[in-house]
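Working notes, structure below.
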Amino acid sequence: MAKTAPVKSYDVVIIGAGIVGCSTAAYLARRGIRVAVFDRGPVAGEQSSRAWGFIRKQGRHPAEIPLAAEASVLWDEITDEFGFDSTQRVKSGILMPAETTEDEALLEASYLDAQKHNLTSEILDSKRLAQKLPELSGNWRSALYTPDDGHGDPEASTRTFARAAQAAGAEFFSDQVVTGFVRVNGRVSGIRTERGEQYCDKVVVASGIGSRKLLIKLGYNLPIQIIRSSVGRTSTIKPFTEIAMWAPTAAYRPRPDGSFIIGNGYRNAGTDYDLTLEAFTNLRYFLPALRQNQGLLRLGLGQDTIRSFKDLLPGIGKYKPLAEPATNVRKVKQNFAEFRALFPHISDLVLVESWAGRIDLTPDLIPVIDRLPGNENVFAACGFSGHGFALGPIVGKQVSQWIIDGAPSLDLTRFKYSRFADGDFELIKAA
């Protein structure tokens, strides 16, 4: 049975027990802040247990690169402190090979961004690529390689941050839905759950796909759309590489047991977008991005479409649990077939499991990390567009610094909430 929160006051209440919420709680609690974390499900119950697990600096929106670089240091620190199994952090590099001149142009643009930020990224020619990963089949022109990028286990890492937070005094309340906010004299002074009210001085909204509905209650129109990404896991073999790869038609992350996590490539459509009523609310922001990334999203009608209409029925204020996102089995099988083509020597490998995760997508594919105007004690850290796992530690540290010290140590201007209404955001090709 889920633990019921006693009515008490906290310094900070965090809504969302994913990687961002748990890391924020850990960094706050370790500095003596009284923290409570509320989630409608368990720790790492949604996207933080379903991500690919890439921990990368290469191939990112330029605004994210400084965060990703600092996050890499924190991943080392947390792994050193709690041991390899706590994160399964591996710094073996990530390869992004190019098959066509168009692929090479994409790699070159990423390489130029990497150079501007003094990353260790390099362009490998076909010969050096073959030396780096001799088992790789195909005719490759070149590859982008960042040797100190890598990967980790999303669920294990999120639970590690949760345990660190609890050890420092943070309290966690699972299966407790936050339905709104408590106001006293116009100021947000707590949260409202289906089991009662909890009071606090500050609130952090880090609830992924649920963030938009919560922030609407405070008058904020956050342009977030929900997409689905489907992933597969293979059987185990004798490990032959620790290098992860994002290839044109498939991606993979090797796991310590010899299995692989399989995702979509950077060139082919890999995510599903169920059109919902919410999809039309901020359509003006998303239309240019949809045109620019045409072919990478599969538009359709699905269970989330039906859910958005059911929300209009009587009882709209009552929480309805989200059904498990539908897995695109056909796409997972296609990705697996493409992965097998990359490594024909592992012919006995089979697909043993597949699942899907919902992703909170913004028009410019980077998150909102901000203290919200008009409610200076409310912070938002959401809209990570599939990049939240790798950035989780540094976002948690920055938000904690903002709360305790009055300002983050890094410049987070590019992630401000108002950029959409102000038209101060840049559209990029999906990555």
Side-chain angles (χ1 to χ4, degrees), residues 18-24 26-27 44 47-96 110 113-114 117-122 132 143-162 164 229 231 233 239 241-247 251-257 259-264 266 357 359 365-367 369 381 384-398 410 431:
I19 184 73
V20 172
C22 290
S23 65
T24 303
Y27 286 112
Q47 189 58 22
S48 287
S49 63
R50 300 153 194 247
W52 289 6
F54 281 18
I55 300 174
R56 64 183 173 92
K57 299 178 289 295
Q58 72 176 39
R60 286 190 175 275
H61 190 294
E64 286 188 341
I65 294 177
L67 284 177
E70 292 290 333
S72 183
V73 175
L74 297 182
W75 279 110
D76 289 342
E77 291 179 0
I78 199 74
T79 305
D80 289 344
E81 180 177 355
F82 293 100
F84 173 76
D85 288 340
S86 68
T87 63
Q88 294 187 14
R89 157 79 152 149
V90 175
K91 291 176 69 173
S92 54
I94 295 178
L95 276 169
M96 190 175 173
S110 294
D113 286 333
H117 292 87
N118 299 314
L119 303 186
T120 60
S121 302
E122 55 184 321
K132 180 66 65 177
L144 178 66
Y145 179 62
T146 306
D148 56 353
D149 276 354
H151 48 87
D153 183 272
E155 185 171 3
S157 300
T158 303
R159 294 187 182 281
T160 294
F161 276 107
S229 179
V231 184
R233 180 176 63 84
T241 182
E242 290 187 325
I243 297 175
M245 180 181 291
W246 195 20
Y252 72 83
R253 166 173 67 90
R255 300 176 74 231
D257 65 359
S259 64
F260 293 85
I261 300 297
I262 307 297
N264 58 281
Y266 62 79
I359 296 172
L365 306 180
I366 60 175
I369 311 169
F384 283 89
S385 305
H387 307 164
F389 168 62
L391 298 180
I394 189 59
V395 173
K397 187 171 185 177
Q398 294 300 302
L410 296 177

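- Evaluation of the side-chain hydrogen bond (donor to acceptor under 3.5 Å, both in side chains) rule for Thr120 yields Asp148 as partners, not counting sequence neighbours.
- Remark: Glu81 engages Arg30, Ile78 in a side-chain contact (heavy atoms from CB on, under 4.5 Å) (not counting sequence neighbours).
- Looking at residues two or more places apart in sequence or on another chain, you find no side-chain hydrogen bond (donor to acceptor under 3.5 Å, both in side chains) involving Asn118.
- Counting heavy atoms from C-beta on, the side chains of Lys397 and Leu74 come closer than 4.5 Å.
- Between the side chain of Ser121 and the backbone N or O of Thr146 there is no donor-acceptor pair closer than 3.5 Å.
- Annotation: side-chain contact (heavy atoms from CB on, under 4.5 Å) contacts of Gln47 (sequence neighbours excluded): Arg50, Ala51, Ile359.
- Two residues are said to be in side-chain contact when any heavy atoms from C-beta on lie closer than 4.5 Å; Asp80 and Glu77 fail this criterion.
- The side-chain contact (heavy atoms from CB on, under 4.5 Å) search around Asp113 returns Pro62, Ile65, Lys116, not counting sequence neighbours.
- Atom CD1 of Ile55 and atom CZ of Arg253 lie 9.0 Å apart (nearest 0.5 Å).
- For Thr160, the side-chain hydrogen bond (donor to acceptor under 3.5 Å, both in side chains) partners two or more places apart in sequence, or in a different chain, are Arg163.
- Residues Asp153 and Thr87 form no side-chain contact, since every pair of their non-hydrogen atoms from C-beta on lies 4.5 Å or further apart.
- In this structure, Ser157 contributes its side chain and Pro154 its backbone to no donor-acceptor pair below 3.5 Å.
- Checked against side-chain contact (heavy atoms from CB on, under 4.5 Å), Ala69 has the following partners two or more places apart in sequence or in another chain: Lys57.
- In this view, Tyr252 and Phe260, Phe339, Phe343 satisfy the ring pair (Phe, Tyr, Trp, His ring centres under 6.0 Å) rule, not counting sequence neighbours.
- Trp75 pairs in a ring-ring contact (aromatic ring centres under 6.0 Å, His included) with only one of the listed residues (Phe389, Phe82, Phe84), which is Phe389.
- Under the side-chain hydrogen bond (donor to acceptor under 3.5 Å, both in side chains) criterion, Asp76 pairs with Arg89, Lys91, not counting sequence neighbours.
- Take Phe54 and apply the ring pair (Phe, Tyr, Trp, His ring centres under 6.0 Å) test, not counting sequence neighbours, and it matches Trp52.
- With sequence neighbours excluded, no residue satisfies salt bridge (charged side-chain N to carboxylate O under 4.0 Å, His left out) with Glu242.
- Take Glu70 and apply the salt bridge (charged side-chain N to carboxylate O under 4.0 Å, His left out) test, not counting sequence neighbours, and it matches no residue.
- A donor-acceptor pair is defined here as one N or O able to donate and one able to accept, closer than 3.5 Å; such a pair exists between the side chain of His61 and the backbone of Ala63.
- In terms of modelled atom types and a separation under 3.5 Å, the side chain of Arg56 and the main chain of Gln58 share a donor-acceptor contact.
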